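Quick caveat, the model's predicted, so the values are computed rather than measured.
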Amino acid sequence: MQSLLRWSVENSTPSTGPAPTTTNKLDPGIIDHILGKPDAQLMKEALSVGLDERQAEDDRLQALDDLEMLVQNIDNANDLKKLGIWEPLHGLLLAPNTTDALKMQTLWIIGTALQNNPAAQLAYLELDPLPTLLKSLSPTSNTAETRSRAVYALSGLLKLNAATVQQMGVVGGWSAFRMCLEDSEIRVRRKITFLLNTLLLPTSSPSSANLQSNMSLPSSNNAPVHANSHASMLSDPSSVSTCGITLAALQSANIEGGVGEGSLLDALISALTEPVPFGPDGENDKDDEFQENIVRILYTFVTSCGGTFSDAQKHCLWGFLGATTQAADDLNFGLTSGEWEELCGAVRS
């Protein structure tokens, strides 16, 4: 503050006498101290530390955490492309020396930047990231926390993004999701089923005029529209509809070339009725949230997508749902009583 006062006095215009011929420039460091550095500079500095292998890992993790906080602002997330940050950030996922902790934090940044942000989705998609993110779901080379955050990043990339969901069948995405239904980490199972239901939900097709007036986006996500981030939606509202693609993936009995595994819908029903034990030692076999997520998918499949169950699926489901109804009349797995009756009716028909 003393430096600022001194500069003010030295550069003030006196009431009499000649005007000063020289002006002392204020130290940029003082300006930064008073006003703070611009977010763009903070983002570049955080990335620089996060990438620097000479730094202690704790310092690198803190820098990446700072970057994640900055990209929570949608304008900062949009600036990642302009600042040239996407490529080195994605490179951290590919680098052989990246530890699991750094990878986990990188996935967190990516997921945060992509949430409800089509502009960021398009920028990141230029790096063809889907195979890398799907590889991060593998339990053989990733910790439980990293796999959980990989689902978070995938959620940001896939939601309201029909073109990318279409690629899932090409790169083995649906098989990777199927694998997640048996993950030893229950959070991965919960998140992947929640994401599946989100992708399955039909979306409205708001007119360009509605989007321009800052109305909510598709009812399945109810996210606010930011004109600078949602240009692709404004020009092509149908690009947000992932329902049809996901429905086809659920019903396909030959997922990406697999033989004899049944459909993804079969896998969901099996995960509900005969779940694989989970936990570090496989000590748990039931999780209420996981079951509720699957039942919600089945309800969406029947009521919103017009799906029907095969006789074998009905037999398996009724053995489970009927037994549940007899055990407790009020146990509807998160459905209202009316929704529960609709689902049970579809299974009994």
*asked:* When you compare the side chains of Gln313 and Asp266, does any donor N or O come within less than 3.5 Å of an acceptor on the partner?
replied: yes
*If only atom types and distance count, is the side chain of Thr193 paired as donor or acceptor with the main-chain N or O of Arg189 below 3.5 Å?*
yes
_ILVMFWY network linking Met179 to Val276, side-chain heavy atoms under 4.5 angstrom_ = no
*Side chains of Lys191 and Ser155: donor-acceptor distance under 3.5 Å anywhere?*
no
*Looking only at atom types and distance, does a side-chain atom of Glu341 sit under 3.5 Å from a main-chain N or O of Ser337, one as donor and one as acceptor?*
no
*Using side chain to side chain donor-acceptor pair (under 3.5 Å) as the criterion, list what pairs up with Lys81, not counting sequence neighbours.*
Glu126
_Residue pair Asn117 / Asn78, side-chain donor-acceptor N/O under 3.5 Å_ = yes
_Taking every non-hydrogen atom, the tightest pair across Ala176 and Leu134_ = CB-CD2, 4.1 Å
*Has Arg190 got its NZ or CZ under 6.0 Å from the middle of the six-membered ring of Phe290, at an angle within 45 degrees of the ring axis?*
no
*So does Glu145 pair up with Arg149, basic N to acidic O under 4.0 Å?*
yes
*Could you go step by step and tell me if Lys135 and Asn142 meet the side-chain hydrogen bond (donor to acceptor under 3.5 Å, both in side chains) rule?*
CA-CA 9 Å; Lys135 187 177 179 180; Asn142 302 280; over 6 Å; no
_I'd like to know if the side chain of Ser136 reaches the main chain of Thr132, judged simply by a donor and an acceptor atom lying under 3.5 Å from each other, with no hydrogens or angles considered._
yes
*Closest approach of Leu157 and Pro129, non-hydrogen atoms and distance?*
CD2-CG, 4.2 Å
_Assess, by modelled atom type and distance only, whether the side chains of Thr300 and Asn197 contain a donor and an acceptor separated by less than 3.5 Å._
yes
*Run the salt-bridge test on Lys82 and Asp79 with the 4.0 Å N-O cut-off and return the result as yes or no.*
yes
_Passing option when Asp39 is tested against Asp75, Leu83, Asn76 for side-chain contact (heavy atoms from CB on, under 4.5 Å)_ = Asn76
*Using side-chain contact (heavy atoms from CB on, under 4.5 Å) as the criterion, point out the one residue from Leu133, Ile110, Leu107 that pairs with Leu154.*
Leu133
*Decide whether Leu200 and Phe309 are clustered together by the hydrophobic rule: side chain heavy atoms of Ile, Leu, Val, Met, Phe, Trp, Tyr closer than 4.5 Å, transitively.*
yes
*How close do Gly282 and Pro277 get, heavy atom to heavy atom, and via which atoms?*
O-CB, 3.4 Å
*Salt-bridged, Arg60 to Glu53, with N to O below 4.0 Å?*
no
*Would you call Leu298 and Leu272 a side-chain contact if the rule is heavy atoms closer than 4.5 Å?*
yes
_Hydrogens and angles aside, do Ser304 and Tyr299 bring a side-chain donor and acceptor to less than 3.5 Å of each other?_
no
*asked:* Could you tell me if Gln62 and Asp58 have a donor-acceptor pair between their side chains, going purely by distance under 3.5 Å?
replied: no
*Going by heavy atoms in the side chains, are Leu199 and Cys243 under 4.5 Å from each other?*
no
*Would Thr303 and Glu342 count as having a side-chain donor-acceptor pair, cut-off 3.5 Å?*
no
*Hey, could you give me the CZ/CE distance between Arg147 and Met104, rounded to the nearest 0.5 Å?*
12.5 Å
_Can you see whether Thr164 engages Gln121 through a side-chain donor-acceptor pair at a distance of less than 3.5 angstrom?_
no
